[in-house]
Amino acid sequence: MLTSHDGLCGIGELAERAGVTVKTVRFYSDRGLLPEAARSAGGHRRYGSDALGRLRLIRSLRALGLSVPQVRRVLEEDAAGGEDGREGGALENAVAGRLRELGSELRALRWREAALRLVQECPPGERAERLSVIGGVSLPPSTDPLVRFWRGWLPPRMPARSVRAFLEVAVPQPPDDPAPAQVLAFAHLNALTLAPCPGTARPQPEAHRAAGARGAAVLYAGLAEAYELAGVQMRRGRDPRPGEALDSFVDAYTGVYGTRDSPDFRRRLAGQLADDPRIDRYWDLVTEVVTEPGRRPEPTPGSAHDWLLAALVGQTGAPAPSAV
């Protein structure tokens, strides 16, 4: 590599051999990544025989998107390993972190692309409204507004583990590669939870007041099982009907009210649930978010609840609920 009599090279020669500018070499030297071996009588930088390999390694790490501090840690670990055989994870950690960052960046780009298509494909008269709704969603999209919405709905002082379990099924995760329609649905869902319709977010279902915080946790655990059973029937395209799913649904409420299942209890329960606050719009939007275009709608806790309530109303002859 080196042509000088003392085995050292100047900054210009090093830059030329590495295929970079002198400014680049100076930048890495000034930040301690590429130490100088000496200075000439005129004060010019001189580099040793290992400088070219080190500079090429720095360029490779920077090409992967690693920051200067990350590159420094990799170089320091590499030097330590060469001296005493130690092995570390500086490079592995830096690469893993960069992959996570890229995943988030790519996800944001896919959402931005779908949002642009959404605006491009809509009639000119609707673009202002769509831009307003889409503009309320962060990139990559966040579910924080949805979480806050449900924390306001759930009973106060409900055990944290039960709240987390409920949020896992009630808050949809935005798809990584959304269709334009899914972007629009999530944007509307975001807007709904930020400014919910009057009367749909704060009033609590009667079962919340009857059960209290810990009783509500038991209730939601039972309902989750019933919703899962109902989801199986819904995926098969079956209409609401009595059966195991409905029995599980009713059992969740008998446990809260401390009573036994009976035809009279089922009639009263159907009437109460029909009068409880409803947020059908939320669940309709969730269905759009989690269902791939052209596929059968995926069941949600909301749609499963409606299926079970319809089965209960059909069995008992109670008045059907009115949607909100």
Side-chain angles (χ1 to χ4, degrees), residues 149-150 152-155 158 162 165-172 189 192-193 196-197 199-211 215-291 296-324:
F149 175 87
W150 282 113
W153 173 273
L154 294 171
M158 187 170 166
S162 299
F166 177 86
L167 293 176
E168 285 180 6
V169 297
V171 175
L189 192 60
L192 174 68
T193 55
C197 298
T200 62
R202 297 304 173 192
Q204 301 293 313
E206 178 61 32
H208 288 188
R209 294 188 288 272
V218 176
L219 170 64
Y220 279 116
L223 290 177
E225 181 178 346
Y227 294 158
E228 185 174 349
L229 292 171
V232 173
Q233 302 298 317
M234 295 169 70
R235 290 187 182 93
R236 294 173 179 171
R238 293 179 177 173
D239 293 331
R241 64 185 66 190
E244 182 184 8
L246 181 57
D247 291 342
S248 178
F249 183 64
V250 173
D251 287 345
Y253 286 98
T254 57
V256 169
Y257 290 108
T259 188
R260 300 179 64 179
D261 187 8
S262 68
D264 181 62
F265 175 79
R266 293 195 176 209
R267 281 192 296 273
R268 288 187 286 110
L269 178 62
Q272 174 200 305
L273 296 180
D275 292 336
D276 269 344
R278 299 169 61 78
I279 45 176
D280 290 349
R281 177 61 174 159
Y282 178 94
W283 295 115
D284 290 342
L285 291 169
V286 169
T287 298
E288 293 182 47
V289 169
V290 302
T291 303
R296 181 191 294 274
E298 280 293 317
T300 66
S303 61
H305 182 92
D306 288 346
W307 190 94
L308 290 161
L309 179 54
L312 186 61
V313 167
Q315 184 185 60
T316 62
S322 56
V324 175

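Taken from CD in Glu225 to CD in Glu244, the straight-line distance is 8.0 Å, to the nearest 0.5 Å.
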Sequence neighbours excluded and cut-off under 3.5 Å, please list the side-chain donor-acceptor pairs for residues 305-313, or say none.
from	atom 1	to	atom 2	distance (Å)
His305	ND1	Tyr227	OH	2.9
Asp306	OD1	Arg278	NH2	3.2
Trp307	NE1	Arg238	O	3.0

Which donor-acceptor pairs under 3.5 Å do side chains of residues 260-271 form with protein atoms, sequence neighbours excluded?
from	atom 1	to	atom 2	distance (Å)
Asp261	OD1	Arg266	NE	3.0
Asp261	OD2	Arg266	NE	3.3
Asp261	OD2	Arg266	NH2	2.7
Ser262	OG	Phe265	N	3.1
Asp264	OD2	Arg268	NE	3.2
Arg266	NH1	Gln315	OE1	3.0
Arg266	NH2	Asp247	OD1	2.8

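Listed here is the closest heavy atom pair of Ala217 and Ser162: CB-OG, 3.1 Å. Of all heavy-atom pairs between Tyr282 and Pro172, the closest is OH-CD, 3.8 Å. The two residues Ser248 and Leu229 make their nearest non-hydrogen contact at CB-CD1, 3.9 Å.
Aromatic ring orientation, Trp150 versus Trp283: tilted (interplanar angle from 30° to 60°). Using cut-offs of 30° and 60° on the angle between ring planes, the pair Phe249 and Tyr253 is perpendicular.
Shown here is Gln272, whose CD atom has more than 12 heavy atoms of other residues, nucleotides or ligands within 6.0 Å.
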Derivation of the side-chain contact (heavy atoms from CB on, under 4.5 Å) call for Val289 and Val286: CA-CA 5 Å; Val289 169; Val286 169; 5.6 Å; no

If you apply the rule side-chain contact (heavy atoms from CB on, under 4.5 Å), what do you find for Glu298 with Met234, and how did you get there? CA-CA 9 Å; Glu298 280 293 317; Met234 295 169 70; over 6 Å; no

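Residues satisfying the side chain to side chain donor-acceptor pair (under 3.5 Å) test with Asp251, not counting sequence neighbours, are none.
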